[in-house]
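Report on the structure given below.
Side chains included, hydrogens not; waters and symmetry mates left out as well; all remaining heavy atoms used.
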Amino acid sequence: EAWSRLQLYYACTLLSVGLYLACRNNVRPVVVPFFLTIALVHAWFLVELMSSIYAWEGRRAVPQGVATNYFAHIRHFGYLGFLAACAGTSVTVLGERPYLRWIGFVLGVLAVYGLIQFGSRGAFLAWLVFAALLLALVPARRKFVVSCVATVALASLAVLYVDTSHPFPN
């Protein structure tokens, strides 16, 4: 398993270097749609996963070791959630038009909601570290901090609402 992860990290590094070399001077037209795609795919998986979990309603907990629709275990969804949260947060920074920034914000809230709802503590912490590192690079720091706090607050409120209206079986 360690070898396959190393290969994955190597492939991601090569993809990043390739994207950088392909569009050195003007990164935004390529990177923003790429990040939006990651976050949109996560949002689709989130809807699918929530519907399959609520199909188990009536059970006290999600059975251990039961594969979900697209993941070997429900906790593996956090890996994609981390990427989607980082992508949505990046689009709020990189988006040149206001509607792109709002779309990135909403997709970031959905991704952080998925991280909190499914208990992906490590992925959530990694997103917080990413946001802290990105804070050093963003010129409008105050606006970025407000955006990140609003993301966590809205995602947390959504988790509270879902848990009170439909008790989560986990």
What closest approach, in Å, do [X] and [Y] show between heavy atoms, and which atom pair accounts for it?
X: Leu110; Y: His42; value: O-CE1, 3.9 Å
X: Arg101; Y: Glu96; value: NH1-O, 3.5 Å
X: Ile116; Y: Ala155; value: CD1-CB, 4.2 Å
X: Val152; Y: Val112; value: CA-CG1, 4.5 Å

Open item on the list: Distance check, rounded to the nearest 0.5 Å: Leu115 atom CG versus Gln117 atom CD?
Closed with: 11.0 Å
- [ ] Could you grab the distance from atom CG of Leu40 to atom CG of Leu107, nearest 0.5 Å is fine?
- [x] 5.0 Å
Please say yes or no: joined through hydrophobic side-chain contacts below 4.5 Å, possibly via intermediate residues, are [X] and [Y] part of one cluster?
X: Tyr99; Y: Trp102; value: no
X: Val93; Y: Val149; value: yes
X: Phe45; Y: Val109; value: no
X: Val159; Y: Val162; value: yes
X: Val31; Y: Leu83; value: yes

Name every donor-acceptor pair, under 3.5 Å, that has one atom in a side chain of residues 122-137 and the other anywhere in the protein, sequence neighbours excluded.
residue	atom	partner	partner atom	Å
Trp127	NE1	Ala85	O	3.4
Trp127	NE1	Thr89	OG1	2.9

TODO: Indicate the ring-plane relationship of Phe77 and Phe118, choosing parallel, tilted or perpendicular according to the 30° and 60° boundaries.
DONE: perpendicular
TODO: Test side chain to side chain contact (heavy atoms under 4.5 Å, CB included) on Tyr113 and Leu46 and set out the steps.
DONE: CA-CA 9 Å; Tyr113 164 79; Leu46 182 65; 3.8 Å; yes
TODO: Determine the sole option in Leu100, Val91, Thr151 for which the side chain to side chain contact (heavy atoms under 4.5 Å, CB included) test with Phe105 is passed.
DONE: Thr151
Task: Side-chain (Ser147) to main-chain (Lys143) donor-acceptor, under 3.5 angstrom - done: no
TODO: For atom CZ of Arg121, decide whether the heavy atoms of other residues, nucleotides or ligands shown that lie under 6.0 angstrom number more than 12.
DONE: no
